[in-house]
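Contents: one structure, followed by commentary.
First listed ligand is number 1; within each ligand, the first listed atom is number 1. If you read the sequence from its start, that first residue is 1, and numbering goes on from there.
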Amino acid sequence: MERPGRLLLQSELRVRNAAYDVSLSRSLLIWKRRTSSPVYHPFRPRFCVPLFRRRPDPGVCHSVPVSEIISVREEEEENGSRQRDDGSWKKIREREGKDCRQAFTVLYVERCRQHRWRCAEVTFTCSDEAVCQHWVSSIREQLASNTSRPKHLLVYINPYGGKRQGKRIYEQKVAPLFTQAGISTSVIVTEYANHARDHLKMEAELKKFDGVVCVGGDGMFSEIIHGLIWRTQIDCGVDPNSPEEALSPCSLRIGIIPAGSTDCICFASVGTNDPVTSALHIIVGDSQPLDVCSVHHNNMFLRYSVSLLGYGFYGDVLSDSERKRWMGPARYDFSGLKMFLTHHYYEGTVSYLPAKGIIGTPRDATRCRSGCVICQHNGQLNSERSEKYEMDEASDSESSGEWRTIRGKFLAINAASMSCACPRSPKGLSPAAHLADGTTDLILVRKCSRFNFLRHLLRHTSKDDQFDLTFIEVHRVRRFRFMPRHCQSDSDLELDLHENSKRQIFSQICKDHPACGCAPAYSSWNCDGEILTHTGIDVRVHGQLIKLFARGIEELPVFEDLSNPCAI
Ligand SMILES: Nc1ncnc2c1ncn2[C@@H]1O[C@H](COP(=O)(O)OP(=O)(O)OP(=O)(O)O)[C@@H](O)[C@H]1O
Ligand SMILES: CCCCCCCCCCCCC/C=C/[C@@H](O)[C@H](CO)NC(C)=O
Ligand SMILES: [Ca+2]
């Protein structure tokens, strides 16, 4: 909890007929009840000591960081009652003797369970109009001095994502909050797939906006980043097609209003899939950098990925589920079960460049959380390295032979650039992965029995380490390549042809005859929920290439007495 710092204003004001000492500093708004007998108030969870667990919440002292005030409004009197800016009516006329009171209302962020945020409000009254106006203008000045808050946003809504609720969610839950916070918007409801991507690439007047908002799921978010990253590279004179280019970071932040089926990027960066929480993170101007992987095939650009690149199990789940879009979000459970029972494995070669000099491993118990020190440390290391790389290309680890190669049979090859936590997999595919450390966790699930694979899948929801199994290995990497066996060169294939020749011929025949029960020769890559057109790929992590209107998942607060600004 922040300390209040130098006071800008201090007055005695009233809240619902009770007298409060109210103070405003650059960092905090505090209102403290003027009474010697504490009143326990069970209905308001966020007070000065929001989750203070050692004594009951006294309910007499409240504090809100100025950075979490959404807006302040004057209450205007009309026909004996006062009208709110949003048009609803609220009787707050209070009289002390014959004095009519002036009032203003502060809207602020209130934390609820499971990382959810809500918009709460408190109305202050006083008999002196000048005092009231001084308060309103002082709070407004503080809000205006915060340059990280967006004022103009470009909003794209996918009306067909998830349960097709995107438009309703935006209009009913998000737009009113943006209006309250004085944010103006240009809204585009997409008419076809890739509408948002192409608009961002070619048409959007990006200079007019402080950020882009995506209303939809991971697929819609993917459209937005493809448009924005492409446009940024063109504007900066960088070739977006080259796998060796250092890409320029995008300056516009992206807000995600979850309205899709998985919404893994929102869940893993905010901690919940809740449109109001996301809207509030946008309003307060949060910023969370995010790693982006570029995926190439034979030096040809295919796509970007920020969450999961999955071959084998997750590729097959996605291919199968795309044919069942009519089922809505349940399609993933249906196809997941089907692909688990099918139990296909695939042969190929994975090569990777381990991330050296970083702190953190995929088996850590610590998690990427708000203000993550691992992301800060490794992010700094990455930017120093890329400067060095630009000066001295001979230092490229590739030429100094640090690549490692694994050939084998795999049920799944997953690269998780973030935890990939989502309601279906609350810990995520790689629970210790980081949003912005410049690496991706490469998880290799070797061919094993159905029972063992189920043990691995079930550990996504239990406390057990999902990588602590003999058929699994996990590496934190900066770059990796995959070549399916059927694409390997003749000389590579000759090495193991003698032991596998029958199966090779069989699988080539049987991929055209699935009914015979033989495994297909190759799967496809699931790239953030989109199927890639090629299976042989070269993946490179670009640390902190984009920024979200988010702050990472917040730790549950543990408050000490000293941190209580009301005690000062
Ligand atoms: N107007 C539109 N008509 C058809 N498709 C669209 C339209 N706008 C966007 N799309 C496409 O719809 C696809 C799915 O959208 P979205 O990601 O929002 O939902 P989802 O697939 O249900 O959720 P998730 O990706 O989280 O699993 C995206 O790939 C996007 O390109
Ligand atoms: C034995 C039954 C197993 C059921 C498995 C169900 C599928 C779980 C899906 C968890 C996916 C977590 C990673 C998220 C990836 C997203 O990028 C992507 C796009 O939204 N979603 C999917 C499902 O590929
Ligand atoms: Ca990462």
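Using a cut-off of 4.0 Å between Lys/Arg side-chain N and Asp/Glu carboxylate O, R479 and D538 are scored as salt-bridged. Salt bridge R363/D441: absent, no basic N to carboxylate O contact under 4.0 Å.
Within the 4.0 Å heavy-atom criterion, the part of Y192 lying near ligand 1 is the backbone and not the side chain. Contacts between H226 and ligand 1 below 4.0 angstrom, taking non-hydrogen atoms only, are absent altogether. In E223, the part holding a heavy atom less than 4.0 Å from any atom of ligand 1 is the side chain.
Ligand 1 does not have E322 within reach: every non-hydrogen atom of the residue lies 4.0 Å or more from it. A heavy-atom separation below 4.0 Å is not found between H195 and ligand 1. Residue-ligand proximity: Y332 is placed with a non-hydrogen atom under 4.0 Å from ligand 1. Using a 4.0 Å cutoff on heavy atoms, G529 does not count as a contact of ligand 1. Distances shorter than 4.0 angstrom occur between a heavy atom of R325 and an atom of ligand 1.
Ligand 1 has a nitrogen or oxygen under 3.5 angstrom from a nitrogen or oxygen of G217.
Ranking the protein heavy atoms by distance from atom 15 (O) of ligand 1 puts N158 ND2, 2.9 Å first. The protein non-hydrogen atom at the shortest distance from atom 19 (O) of ligand 1 is G161 CA, 3.4 Å. The protein heavy-atom contact nearest to atom 22 (O) of ligand 1 is S261 OG, 2.6 Å. The shortest contact between atom 3 (N) of ligand 1 and any protein heavy atom is with Y160 CD1, 3.2 Å. The nearest heavy-atom contact from the protein to atom 28 (C) of ligand 1 is G219 C, 3.8 Å.
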Exercise. Can R111 and E554 be said to form a salt bridge (charged side-chain N to carboxylate O under 4.0 Å, His left out), step by step?
Worked result: CA-CA 11 Å; R111 283 169 179 74; E554 291 185 303; 3.0 Å; yes

For this session: Begin with the C-alpha distance, continue with both residues' side-chain angles, and end with the deciding distance and a verdict on side-chain hydrogen bond (donor to acceptor under 3.5 Å, both in side chains) for D528 and S305.
Result: CA-CA 6 Å; D528 290 1; S305 162; 3.0 Å; yes

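A268 and S419 make their closest contact through CB-OG, 3.7 Å (heavy atoms, listed as atom of the first residue, atom of the second, distance).
Listed for the Q544 side chain is a donor-acceptor partner under 3.5 Å among the backbone atoms of A436. Looking only at distances, a side-chain donor or acceptor of R149 sits under 3.5 Å from a matching main-chain atom of S67. Formation of a donor-acceptor pair under 3.5 Å by the S321 side chain with backbone atoms of K324 is not found in this model. Looking only at distances, a side-chain donor or acceptor of W525 sits under 3.5 Å from a matching main-chain atom of T535. Side chain of Q233 to backbone of S248: a donor-acceptor contact under 3.5 angstrom is found. Side-chain atoms of R116 never come within 3.5 Å of backbone atoms of R113 as a donor-acceptor pair (strictly under, hydrogens ignored).
Side-chain contact check for D291 and S417: no donor-acceptor pair (N or O, by modelled atom type) lies under 3.5 Å. Side chains of S294 and H542: a donor-acceptor N/O pair is present below 3.5 angstrom, by distance only.
The aromatic rings of Y304 and F301 lie tilted to each other, with the angle between the two planes from 30° to 60°. The aromatic rings of Y346 and Y311 sit perpendicular, their planes meeting at an angle over 60°, well past the 30° parallel limit.
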Run through all N or O atoms in ligand 2 and write down each protein N or O closer than 3.5 Å, as a pair with its distance.
unit_1: ligand 2; atom_1: 17 (O); unit_2: S307; atom_2: OG; d: 3.0
unit_1: ligand 2; atom_1: 20 (O); unit_2: D218; atom_2: OD2; d: 2.6
unit_1: ligand 2; atom_1: 20 (O); unit_2: T262; atom_2: OG1; d: 3.2
unit_1: ligand 2; atom_1: 24 (O); unit_2: N526; atom_2: ND2; d: 2.8

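When each of H115, Q114, R118 is paired with D274, the side-chain hydrogen bond (donor to acceptor under 3.5 Å, both in side chains) condition holds for R118 and for no other.
Here 5 is the count of protein N, O or S atoms positioned under 3.0 Å from the Ca ion (ligand 3), waters not counted.
Interface atoms of ligand 1 facing T190, defined by a heavy-atom separation under 4.0 Å, are 1 (N), 2 (C), 7 (C), 8 (N), 9 (C). Within the listing of ligand 1, atoms 29 (O) sit less than 4.0 angstrom from a heavy atom of E530. Residue G216 approaches ligand 1 through these ligand atoms, each under 4.0 Å from one of its heavy atoms: 18 (O). Numbered from 1 in the order shown, with element, the atoms of ligand 1 that lie under 4.0 Å from a heavy atom of T262 read 24 (P), 26 (O), 27 (O). Of all the atoms in ligand 1, the ones that sit under 4.0 Å from a non-hydrogen atom of G162 are 19 (O), 20 (P), 22 (O).
Annotation: cation-pi pair R481/W403 present, NZ/CZ under 6.0 Å from the ring centroid and within 45° of its normal.
Crowding of K173 atom NZ: a count of heavy atoms from other residues, nucleotides or ligands under 6.0 Å not exceeding 12. The number of heavy-atom neighbours closer than 6.0 Å to NZ of K201, taken from other residues, nucleotides and ligands shown, is above 12.
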